[in-house]
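The figures here come from the full heavy-atom set of this structure, side chains too, leaving out hydrogens, waters and symmetry mates.
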Amino acid sequence: MPLHDWSNLPGWEGVHQVWGVELLYALKPLLPPAYRAYIGTTPTFAIGGPEPLRPDVGVRDWPAGAPDASTGSQGMPEPDAEVAVATLSADTAVMVERAGRLVAAIELVSPRNKDRSSAQAAYAADYAGYLLRGVHLLLVDVHRRPPSFSFADRVAGALSLRQPPTPAPFAVGYRVGEPAPGGGRFLAVWRRPLAVGEPLPTLPLPLTVTESVPVDLEGTYRRATEAAYLT
């Protein structure tokens, strides 16, 4: 099924959930016996402090005449201010493990993953964190907005990877390889631009340096949209 323009359509969250399930069903019979696929929560990786940001917050100052800081009702000092900070929603991904170790993941990007600078920084760190920990990754972003931002470009920058600009929508596969002579590891990359109205590609999901399984993005996307959006 040709890719939709999700910037002008409702229903992405339902498609996102069903697409993950369809990817899981398609992946399971292709895996060697030692591997297990499941849907899990995206792990949080720390690869360094995020860039300085002005968070979205609401601040409540304590009024004059409030109880002294040392006289809280439970013996806890009253705060100088109470802050409501914008939080990131827990995301899910298709995970593949072997012997209890995560070896590969498929991440489907949602608009909320990149709707503000704090989300962009956090999720880019998570995606790059997979690779820094030796986990192969297939990253799929079918949302063209915001046009000035790309997770593929942000991950490349975090890893000092030279590549041409890869604007969304895109599908990018990463294989973490052998140790490189100058330190670190080799990283193989498959970049596929996506276009509204065009079919999606099939890309490999590496399991090891020499072993991979094909991921049919077109077939799984078609079944997901038919089940969750078109009917």
Side-chain angles (χ1 to χ4, degrees), residues 1-4 6 12 15-40 42-43 91-110 113 126-131 133-143 150-152 155-156 159 161 163-164 166-178 185-230:
M1 174 172 290
L3 180 64
H4 299 78
W6 288 106
W12 164 253
V15 171
H16 179 271
Q17 294 179 12
V18 178
W19 196 3
V21 174
E22 289 291 344
L23 287 166
L24 178 68
Y25 289 162
L27 200 59
K28 277 181 173 289
L30 302 177
L31 293 174
Y35 294 87
R36 181 177 77 94
Y38 62 98
I39 293 179
T42 300
D91 233 358
T92 58
V94 180
M95 311 286 191
V96 180
E97 70 172 18
R98 179 177 183 179
R101 177 181 176 272
L102 181 64
V103 298
I106 304 174
E107 286 275 2
L108 302 175
V109 175
S110 285
N113 299 148
D126 287 345
Y127 302 148
Y130 280 115
L131 307 176
R133 284 158 179 79
V135 179
H136 313 294
L137 175 65
L138 177 54
L139 181 62
V140 183
D141 186 354
V142 300
H143 306 281
S150 167
F151 276 122
V155 169
L159 301 180
L161 175 65
Q163 68 173 34
T166 307
F170 63 76
V172 180
Y174 301 91
R175 183 191 69 202
V176 183
E178 309 92 335
R185 290 182 176 273
F186 288 109
L187 183 68
V189 184
W190 293 264
R191 289 184 297 273
R192 299 292 184 271
L194 306 180
V196 172
E198 298 293 329
L200 283 72
T202 294
L203 279 174
L205 178 67
L207 303 176
T208 67
V209 175
T210 59
E211 193 173 26
S212 67
V213 291
V215 177
D216 178 11
L217 295 176
E218 170 67 15
T220 54
Y221 175 78
R222 173 179 51 79
R223 292 191 292 273
T225 52
E226 289 176 348
Y229 178 70
L230 296 180

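Nearest approach of H16 to D91, heavy atoms of both residues: CE1-OD1, 4.3 Å. Across A104 and P206, no two heavy atoms sit closer than the pair CB-O, 3.5 Å. V94 and G20 get closest at one heavy-atom pair: CG2-O, 3.5 Å. In terms of heavy atoms, A105 sits closest to L205 at O-CD1, 3.7 Å. The two atoms that bring A156 and Q163 nearest to each other are CB-CD, 3.7 Å, heavy atoms only. Minimum interatomic distance between L30 and P214 (heavy atoms only, all atoms of both residues): CD1-O, 3.4 Å.
Applying side chain to side chain contact (heavy atoms under 4.5 Å, CB included) to Y174 and the options V155, V135, L138, L159 leaves one that passes, V155.
If you look at Y221 and H4, their ring centroids are closer than 6.0 Å.
R98 places no side-chain N or O within donor-acceptor distance of the main-chain N or O of Y35, the cut-off being under 3.5 Å. Within the 3.5 Å criterion, the main-chain N or O of R223 finds no donor-acceptor partner in the side chain of T225. In this structure a side-chain-to-backbone donor-acceptor pair under 3.5 Å is present from H136 to V176.
The CG atom of L108 sits 11.5 Å away from the CD atom of Q17 when rounded to the nearest 0.5 Å. Of the inter-residue distances, the one linking T92 atom OG1 with I106 atom CD1 reads 12.0 Å to the nearest 0.5 angstrom. The distance from the CG atom of L27 to the CE atom of M95 is 12.5 Å, given to the nearest 0.5 Å. Distance OG1/T166 to CG/D141: 11.5 Å, rounded to 0.5 Å. One finds the CG atom of L24 at 5.0 Å from the CD1 atom of I39 (value rounded to the nearest 0.5 Å). Put simply, CG on N113 and NE2 on H143 are 8.5 Å apart, with the number rounded to the nearest 0.5 Å.
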Given side chain to side chain contact (heavy atoms under 4.5 Å, CB included), test Y130 with L139 step by step and report yes or no. CA-CA 11 Å; Y130 280 115; L139 181 62; over 6 Å; no

In sequence, state the C-alpha distance, the side-chain angles, and the governing distance for W12 and V142, and then conclude on side chain to side chain contact (heavy atoms under 4.5 Å, CB included). CA-CA 10 Å; W12 164 253; V142 300; 3.8 Å; yes

Could you walk me through whether L23 and L217 pass side chain to side chain contact (heavy atoms under 4.5 Å, CB included), step by step? CA-CA 8 Å; L23 287 166; L217 295 176; 4.3 Å; yes

Please lay out, stage by stage, how V172 and Y127 fare under the test side chain to side chain contact (heavy atoms under 4.5 Å, CB included). CA-CA 11 Å; V172 180; Y127 302 148; over 6 Å; no

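At a threshold of 4.5 Å between non-hydrogen side-chain atoms, the residues S212 and R175 do not count as touching. Between P164 and R191, the closest side-chain pair of non-hydrogen atoms falls below 4.5 Å.
Surrounding OH of Y38 are more than 12 heavy atoms belonging to other residues, nucleotides or ligands, all under 6.0 Å away.
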